Amino acid sequence: MPELPEVETIRNELSPWLIGECFTDVCILDARIVATGPPDEFRQKLIGQKIEGISRRGKYLLFKLSNATSLIVHLRMTGSLLLDPIDAQRYVRASFDLTGGHHLVFRDSRRFGRIWLVDDVDSVVSKLGPEPLGDDFRPGVLGQRISRRSIAVKSALLDQGVVAGIGNMYADEALFAARIHPLTRASDLSEDELETLCHSIRTVLLEAIECRGASVDTYLRPEGAAGTAQCSFKVARRGGEPCAVCGSKIERVRIQNRGTYYCPGCQPIEPGSSRPRA
DNA sequence: CTTGGGACCTGGCTGC
DNA sequence: TGCAGCCAGGTCCCAA
């Protein structure tokens with residue numbers, strides 16, 4: 001499922017092809033994906049607009065348009081954006097023709113993805129927390145946002161208002177890298193742990209971007225190739241396998257109704273135990 | 001205010 | 001083999 005590294009990869013790989021091109025036609029096949037008004041209006045407003053730039057905020061992909069509006073795309077669970085696909089695609093919810101002969105296809109089997117056309121990007125993304133790869137994402141900032149939260153640290157990382165762009169897979173990977181048990185109360189993290197976690201989040205996300213994202217489920221890069229970040233996962237989706245670091249069997253629990261994977265050897269704290277851990 | 005749980009959605013998997 | 005039923009999870013919404 002597309003999280004920050006996947007969306008960043010899509011941004012990186014679409015940009016050289018689409019920046020400077022104009023929308024010449026728009027086809028909405030499922031009206032539900034348009035979050036801003038009727039599809040016809042969406043289509044009329046978008047046609048003729050030039051893409052001035054493509055950026056990302058959390059898991060949102062932002063197309064800056066020539067009339068100062070923005071096209072925003074969120075892929076949610078199963079969405080993907082394909083550039084000039086050769087084969088006919090299933091589950092196409094919208095398609096876009098552009099100058100230069102390009103054809104951009106929004107595909108989404110589960111219909112959770114959404115697109116917006118807005119004057120002000122903030123009207124969609126204003127509640128997001130800091131960008132984890134930005135300069136302002138510091139241990140103190142993370143601490144400020146979770147120090148009064150009694151929820152599990154895993155839940156806190158999934159809260160897009162705490163930090164933007166982390167989803168189920170990279171939350172598990174970051175907590176493993178930081179050697180923090182996912183059920184640890186967010187408010188119980190020490191300053192050292194906050195610093196380690198902050199660093200681990202950045203490292204895990206940067207390494208995944210290097211791998212062009214993780215192709216689990218339906219994620220593919222715009223030109224149809226897979227990412228390889230899933231090959232480097234230490235715990236995510238590896239329940240029952242031995243930990244590559246200590247050999248313990250990777251366990252799976254449910255937190256906030258999400259499958260959560262961790263290594264009981266490397267992330268040893270038991271929920272409710274007194275701190276500090278041994 | 002915080003927290004937890006359900007709704008949304010459908011392909012793929014499990015089990016009878 | 002066929003089919004019912006459950007599961008995955010990002011975000012929003014609502015209730016406690």
Side-chain angles (χ1 to χ4, degrees), chain A residues 1-10 28-36 56-62 72-81 89-94 106-116 118 121-129 131-132 143-175 182-189 201 205 208 213-220 229-230 233 235-240 250 252-262 271-272:
Chain A
M1 29 234 72
E3 303 181 25
L4 187 152
E6 289 73 35
V7 180
E8 182 68 10
T9 298
I10 294 168
I28 304 294
L29 291 96
D30 180 354
R32 280 175 290 182
I33 72 161
V34 180
T36 47
R56 180 192 56 72
R57 182 77 174 91
K59 302 170 196 170
Y60 293 82
L61 195 60
L62 314 172
I72 305 180
V73 177
H74 196 303
L75 299 169
R76 293 276 176 90
M77 308 277 308
T78 52
S80 51
L81 282 174
Q89 298 291 319
R90 298 181 71 187
Y91 318 120
V92 174
R93 309 304 178 197
F106 181 100
R107 195 185 61 168
D108 183 17
S109 66
R110 240 167 270 183
R111 299 178 194 264
F112 279 4
R114 290 291 180 270
I115 56 180
W116 295 256
V118 295
V121 167
D122 263 353
S123 65
V124 177
V125 304
S126 64
K127 289 176 183 161
L128 295 179
E131 281 295 318
Q144 191 176 24
R145 289 174 172 270
I146 67 175
S147 62
R148 290 183 195 82
R149 306 289 299 271
S150 62
I151 53 175
V153 60
K154 164 77 185 272
S155 292
L157 294 182
L158 294 177
D159 182 343
Q160 302 299 295
V162 168
V163 53
I166 299 173
N168 201 41
M169 298 182 302
Y170 295 108
D172 286 356
E173 289 300 307
L175 288 168
L183 281 169
T184 309
R185 271 178 184 250
S187 56
D188 281 354
L189 293 181
I201 288 169
L205 295 177
S215 281
V216 300
D217 286 349
T218 60
Y219 167 75
L220 288 176
Q230 72 281 6
F233 282 170
V235 289
R237 295 174 167 253
R238 294 197 184 279
I250 294 165
R252 179 182 186 277
V253 295
R254 291 186 79 83
I255 299 178
Q256 204 179 298
N257 220 23
R258 266 67 182 146
T260 297
Y261 302 90
Y262 70 99

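Letters A, B, ... mirror the listed sequences (proteins, then strands); counts begin at 1. The shown structure was predicted, so the numbers you read here are calculated from the model rather than taken from an experiment.
The residues A:E131 and A:R57 are annotated as salt-bridged, a charged nitrogen and a carboxylate oxygen being separated by less than 4.0 angstrom. The existence of a salt bridge linking A:D108 and A:R76 is excluded, since no basic side-chain nitrogen approaches an acidic carboxylate oxygen closer than 4.0 Å.
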So which protein nitrogen or oxygen atoms get under 3.5 Å of nucleotides 1-3 of chain B's nitrogens or oxygens?
residue	atom	partner	partner atom	Å
B:dT3	OP1	A:S150	N	2.6
B:dT3	OP1	A:S150	OG	2.7
B:dT3	OP2	A:R149	NE	2.3
B:dT3	OP2	A:R149	NH2	3.1

Pairwise N/O distances under 3.5 Å, protein to nucleotides 4-8 of chain C:
residue	atom	partner	partner atom	Å
C:dA8	OP1	A:R252	NH2	2.1
C:dA8	OP1	A:R254	NH1	2.9
C:dA8	OP2	A:R254	NH1	2.4
C:dA8	OP2	A:R254	NH2	2.7
C:dA8	N3	A:R110	NH1	3.0

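Sparse packing is recorded around CD of A:Q144, with 12 or fewer heavy atoms of other residues, nucleotides or ligands lying under 6.0 Å away. Within 6.0 Å of the CZ atom in A:R148, the count of heavy atoms belonging to other residues, nucleotides or ligands does not exceed 12.
In this entry the distance linking CD of A:Q89 with P of B:dG11 reads 15 Å, nearest Å. Rounded to a whole Å, the CZ atom of A:R107 is 13 Å from the C1' atom of B:dG11. If you measure from atom CZ of A:R93 to atom C1' of B:dG11, you get 12 Å, rounded to the nearest angstrom. Rounding to whole angstrom units, NZ of residue A:K59 and P of C:dG9 are separated by 11 Å. Residue A:E6 contributes atom CD, which lies 11 Å from atom P of C:dG10 at whole-angstrom precision. As rounded to whole Å, 17 Å separates atom P of C:dT11 from atom CD1 of A:I33. Between A:M169 atom CE and C:dG10 atom C1' there is a gap of 12 Å when expressed in whole angstrom units. Here the P atom of nucleotide B:dC9 and the CG atom of A:D108 are 11 Å apart, to the nearest Å.
The side chain of A:H74 contributes an N or O atom lying less than 4.0 Å from OP1 or OP2 of C:dT11. Side-chain N/O atoms of A:R76 include none lying less than 4.0 angstrom from OP1 or OP2 on B:dC9.
Remark: A:Y261 engages A:R252 in a side-chain hydrogen bond (donor to acceptor under 3.5 Å, both in side chains) (not counting sequence neighbours). The salt bridge (charged side-chain N to carboxylate O under 4.0 Å, His left out) test applied to A:E8 returns A:R11, A:R56, not counting sequence neighbours. Among residues two or more places apart in sequence or in another chain, the ring pair (Phe, Tyr, Trp, His ring centres under 6.0 Å) test is passed with A:Y170 by A:F233. A:D159 meets the salt bridge (charged side-chain N to carboxylate O under 4.0 Å, His left out) test with A:R149; sequence neighbours excluded.
We find that the ring of A:F112 and the base of B:dC8 stack, their centres lying under 5.5 angstrom apart and their planes tilted less than 30°.
Note: A:R185 CZ to A:I146 CD1 = 13.0 Å, rounded to the nearest 0.5 Å.
Contact annotation for A:R32: backbone-only contact, meaning every heavy-atom pair under 4.0 Å involves sugar-phosphate atoms and none involves a base. Residue-level contact check: A:Q160 touches the backbone only, with heavy atoms under 4.0 Å from sugar-phosphate atoms and none from bases.
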Might you work through the side-chain contact (heavy atoms from CB on, under 4.5 Å) test for A:Y262 and A:V235, ending with a clear yes or no?
CA-CA 6 Å; A:Y262 70 99; A:V235 289; 5.5 Å; no
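Taking for each of A:Q256 and A:R114 the nucleotide of DNA chain B with the nearest heavy atom, the 5'-most of the two is the partner of A:Q256. For A:G167 and A:K127, each mapped to the nucleotide of DNA chain C holding its nearest heavy atom, the one lying further toward the 5' end belongs to A:G167.
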